[in-house]
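Structure below; questions to follow.
Each chain gets a letter, A, B and so on, in the order the sequences are listed, and its residues count up from 1.
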Amino acid sequence: MAEISISLPQGDKKNFPVGIVAHEALKELVSNKVRKNTIAVRLNGELRDLSTVIQQDTELEPVSSDTSEGLVILRHSTAHVMALAVLELFGYEVQVAIGPATDDGFYYDFDRGEPFSSEDFEKIEAKMTEIAAARVPFVMKRVSKAKAISVFKEKNQAYKLELIADIEDEEVNLYQLGDFVDLCRGPHLPDTGWLKGFKLLRLAGAYWRGDENRQMLQRLYGTSFFDAKELKSYLYNLEEAKKRDHRKLGKDLELFTIQDQVGPGLILWQPKGALLRKNIEDFWKAEHYKHDYELLYTPHIARRDMWKTSGHLDFYGENMFSPMDIDDVSYQLKPMNCPFHIAIYQTRKRSYREFPIRWCELGTVYRYEKTGALHGLMRVRGFTQDDAHIFCRPDHLAEEIFNILELNLNILKAFGFEDYDIYLSTRPEKYVGSDEHWQQATEALKSALEKKGLAYELDPGEGVFYGPKIDIKIKDVLGRSWQCSTIQVDFNLPERFDISYTGADGNEHQPIMIHRALMGSLERFFGVLIEHYAGAFPVWLAPVQARILNITDAQLDYTEEVYRALRKLGVRVEKDDRNEKLNYKIREAQVQKVPYMLILGDKEVESKTVTVRLRNGDNLPAMSVEEFVDIIRKESEILN
RNA sequence: GCCCACGUAACUCAGUAGGUAGAGUACUUCCUUGGUAAGGAAGAAGUCACCGGUUCGAAUCCGGUCGUGGGCUCCA
């Protein structure tokens, strides 16, 4: 009988008869201990089932359940188990669409006349538990497309037929699990006995193939682990994440509010949130001053004609609010600040000698968002951009972008964000400007990124209509990423507004414009900050840096004295001089996440000191007011 | 915008055989003056999101509107 050689990545090698099944070969190749945790294999680099038949010399690597690949396989298989449960419970006439693994679980899309309910969740989970206990095998068959089509025609699974039609290979894989046959690339677990900890999490609508013009399907989300304990800890972490939800903390800490009577997606900054925003803005302005930016202020509305000139009505119209009629002239709420900055540019003739002109503005813009897209501070209809526009010559471009990146990363660092994902987006389908301009701008962005030594991902076709862009997504402490910074080159607006400058040659030239926002939207950035710090802001940002707690009414005079002294020295301080017990006051200050509590009893009055309790429960020795102010000042130093 | 769920005092939530609303916290007043995470008592507080319908009668059933949540789509 013919033999083949199967080797492990580390070099061990053995001969086997042709047609040996992978898991049989593993018996000879690896220890029982390793084999026990093996759920799939990698054959010449490709993930395959443990039941794969091997026909030729190959390199084989066991895939263990404790790898991230193993987890993906488990979740994908769990999606199939859920589909089987749904079909068993609700009938095989239910249409199944797609069911992949996601970053933290899996989903499967179904098309069924009736909606699923939360009681259905329990039934489905119970059925899945049954299936898991029965250790149902996943059986893979490689069949011709024609065969697959006839199978799904017979089962009346239209979505699968559509999927097959788009597959180019002549053969496809069918996976059979009980009576459920699915079109699937695989690989899968050997059997359902591996399912030890899974849970259905939520139900949501999802368009077939993400197209809002097509059928809305019901998507069931769930997650799955090899160990029930891991599931439990995942669910616990979900609860913890909920605790730092900016919407909850925003309410508890009285930072911001969104109210029906005002309207959805419109943010009201409460005193504490406003103070925090002021701290952000002061810092932002100081940094921009250092980097030779000048500050602008512009209005919230402008004549509709200006938005025609800018091209926004054509290219951004669906995101703009309806026009308003003022004395028979049509006006629009601004969705962007750029045209106003151009208007300021136009106030006089410009020379290349003033370049680069760097104008920044904390500009509030209004954009129409579909109601379903709104989300706390993260997605709103009115928000303030930390915007800037730079007017320069083409030869300035690369350096300006480099400088922006530097300022950008510095500012983000001050807020504790040092992990990013960077994307370079190129020309979209709908665009203006010449191909040459696009290429020139894209090159400039690329070279700046490379000079700064930043790794980035190319995002083809995702640029804005007027130019290519760099987007920076920051990662918070929980590893979630948030789109904030954006740097966009624009060859278009200068042309539309026909702005120019006098060059060294005495002729008129068209400047290039760079749009950029670092924090993006103050609202969103605030939301990210709240979640990042779980509401326990660093001293330089905290709206209240210290709260004075007197022990009894006997210290009221001294409380007032300390309070006044600290205010005078610029410390953001509150006093809690209510007739309550110390424990009670400490608890409240703690819940409000105030960094420092200053406790004043008879001892402190006597020695003219304050006793400092930290947010973490520790105490500092008694000190004078001046000594405490030094601590606050030291802790408030940011960026060198 | 679309799918599903939800919308009860300032907050968190009870309130399913449909019979004109409850708790805890917060708030106000009083007692208490107590050193490191909730002292005690009393009181005030709700058009049960809004509009309409079914019913002798609706927070509870039905329809619509608005809003919120989880997704899809989209994005700062």
Side-chain angles (χ1 to χ4, degrees), chain A residues 102 107 109 111 114-118 120 201-221 242 245 247-248 251-252 254 257-265 316 318-319 335-337 363 365 367-387 462 464 469 471-473 482-486 488 515-525 527-528 549-556 578-592 597-604 611-615 617-619:
Chain A
T102 60
Y107 65 82
D109 287 345
D111 186 0
E114 276 172 77
F116 290 108
S117 70
S118 43
D120 292 338
L201 295 172
R202 52 185 164 266
L203 169 67
Y207 298 108
W208 169 233
R209 300 196 142 179
D211 183 343
E212 64 181 314
N213 298 312
R214 304 200 62 176
Q215 179 70 31
M216 172 71 74
L217 306 170
Q218 294 191 67
R219 176 171 296 179
L220 290 175
Y221 281 92
K242 254 189 215 166
D245 189 313
R247 293 165 300 185
K248 176 173 165 48
K251 199 177 271 178
D252 291 349
E254 301 190 309
T257 175
I258 302 170
Q259 294 193 358
D260 287 10
Q261 61 170 334
V262 176
Y316 206 71
E318 59 187 31
N319 286 296
M336 293 188 193
N337 303 301
V365 297
R367 299 183 183 175
Y368 171 73
E369 293 289 348
K370 294 175 180 175
T371 53
L374 300 172
H375 178 90
L377 289 173
M378 303 307 192
R379 198 66 188 286
V380 297
R381 283 182 172 164
F383 61 96
T384 301
Q385 287 184 309
D386 65 318
D387 210 354
E462 290 301 311
V464 204
K469 62 172 180 175
D471 284 331
I472 301 180
K473 293 189 176 179
W482 304 96
Q483 157 90 62
C484 291
S485 316
T486 181
Q488 314 178 340
H515 312 246
R516 48 110 280 197
L518 309 183
M519 298 179 286
S521 125
L522 287 181
E523 282 74 6
R524 173 180 293 179
F525 196 72
V528 173
L549 315 178
N550 60 319
I551 293 173
T552 72
D553 289 351
Q555 301 92 36
L556 277 178
R578 294 173 302 173
N579 175 8
E580 293 290 351
K581 297 183 78 165
L582 183 62
N583 275 343
Y584 185 87
K585 295 184 182 187
I586 286 176
R587 184 185 145 77
E588 287 213 336
Q590 194 78 44
V591 168
Q592 288 293 308
M597 292 167 227
L598 305 182
I599 293 161
L600 307 185
D602 287 339
K603 277 189 289 184
E604 286 77 12
T611 294
V612 182
R613 182 190 202 272
L614 292 124
R615 192 154 48 178
D618 290 350
N619 276 294

Counting heavy atoms from C-beta on, name the nucleotide in B/G67, B/A76, B/G35 closest to the side chain of A/Thr611. B/G35
Looking only at side-chain N and O atoms, does A/Thr552 come under 4.0 Å of OP1 or OP2 in B/G34? no
Under 4.0 Å between any heavy atoms, over every strand shown, what does A/Gln261 touch: base, sugar-phosphate, or nothing? Just pick one. nothing
Can you tell which of B/G70, B/C75, B/G35 lies closest to the side chain of A/His375? B/G70
Rounded C1' spacing from B/U54 to B/C61 in Å: 8 Å
Applying a 4.0 Å non-hydrogen cut-off, can you work out what A/Asp252 is touching in the nucleic acid: base, sugar-phosphate, or nothing? nothing
Would you mind classifying the nucleic acid contact of A/Asn619 as base, sugar-phosphate or nothing, using non-hydrogen atoms under 4.0 angstrom? base
State which of B/A76, B/C4, B/U36 makes the closest approach to the side chain of A/Arg524. B/A76
B/G24 to B/C62 separation - P atoms, rounded to the nearest Å: 32 Å
In terms of side-chain heavy atoms of A/Tyr207, which of B/A37, B/C2, B/G71 is nearest? B/C2
Dot-bracket notation for RNA chain B, counting Watson-Crick and G-U pairs under 3.5 Å, with | for partners on another strand: (((((((..((((.....[..)))).(((((.......))))).....(((((..]....))))))))))))....
Listed pairs, N/O of protein and of nucleotides 44-52 of chain B, under 3.5 Å:
none

Would you say the base of B/A76 and the side-chain of A/Glu369 have a donor-acceptor pair closer than 3.5 Å? yes
When you measure from the side chain of A/Tyr221, which nucleotide among B/C74, B/G71, B/G1 comes out closest? B/G71
Whether A/Arg578 contacts B/C27 is assessed here as follows: a side-chain N or O lying under 4.0 Å from the phosphate OP1 or OP2. Is that the case? yes
Ion pair present between A/Lys473 and A/Asp471, side-chain N to carboxylate O less than 4.0 angstrom? no
Whole-Å C1' distance, B/G7 and B/C48: 10 Å
Going by the rule side-chain hydrogen bond (donor to acceptor under 3.5 Å, both in side chains), which residues pair with A/Gln590 if we only count those two or more places apart in sequence or in a different chain? A/Arg613
Does A/Val365 reach a base, just sugar-phosphate, or nothing at all? Heavy atoms under 4.0 Å. nothing
Among B/G70, B/U73, B/C74, which nucleotide has an atom closest to any side-chain atom of A/Arg247? B/G70
Among B/C4, B/A76, B/U36, the one nearest any side-chain atom of A/Leu582 is B/U36
Using the test side-chain hydrogen bond (donor to acceptor under 3.5 Å, both in side chains), find all partners of A/Tyr207 that sit at least two apart in sequence or belong to another chain. none
Salt bridge or not for A/Arg209 and A/Asp211, using N-O below 4.0 Å? no
Closer than 4.0 Å, any side-chain N/O of A/Arg615 to the OP1 or OP2 of B/A37? no
Under 4.0 Å, counting only non-hydrogen atoms across every strand here, what does A/Tyr368 touch: a base, just sugar-phosphate, or nothing? sugar-phosphate
Integer angstrom distance from the P of B/C11 to that of B/U73: 33 Å
Pick base, sugar-phosphate or nothing for A/Gln483, based on heavy-atom distances below 4.0 Å to the nucleic acid. sugar-phosphate
A/Thr552 meets the side-chain hydrogen bond (donor to acceptor under 3.5 Å, both in side chains) criterion, sequence neighbours left out, with A/Gln555
What nucleotide among B/U73, B/G70, B/U36 has an atom nearest to a side-chain atom of A/Lys370? B/U73
Could you list the protein-to-nucleotides 38-40 of chain B atom pairs, N/O on both sides, closer than 3.5 Å?
residue: B/A38; atom: N7; partner: A/Arg587; partner atom: NE; Å: 3.4
residue: B/A38; atom: N6; partner: A/Arg587; partner atom: NH2; Å: 2.5
residue: B/A38; atom: N1; partner: A/Arg587; partner atom: NH2; Å: 3.0

Name the nucleic acid region contacted by A/Gly520, choosing base, sugar-phosphate or nothing; use a 4.0 angstrom heavy-atom cut-off, strictly under. sugar-phosphate
Side chain of A/Arg219 (C-beta onward), nearest among B/A76, B/G71, B/G67: B/G71
Considering every strand and a 4.0 Å limit on heavy-atom distances, what is the contact class for A/Ala517: base, sugar-phosphate, or nothing? nothing
Please work out if A/Ala206 contacts a base, only the sugar-phosphate, or nothing of the nucleic acid, heavy-atom cut-off 4.0 Å. sugar-phosphate
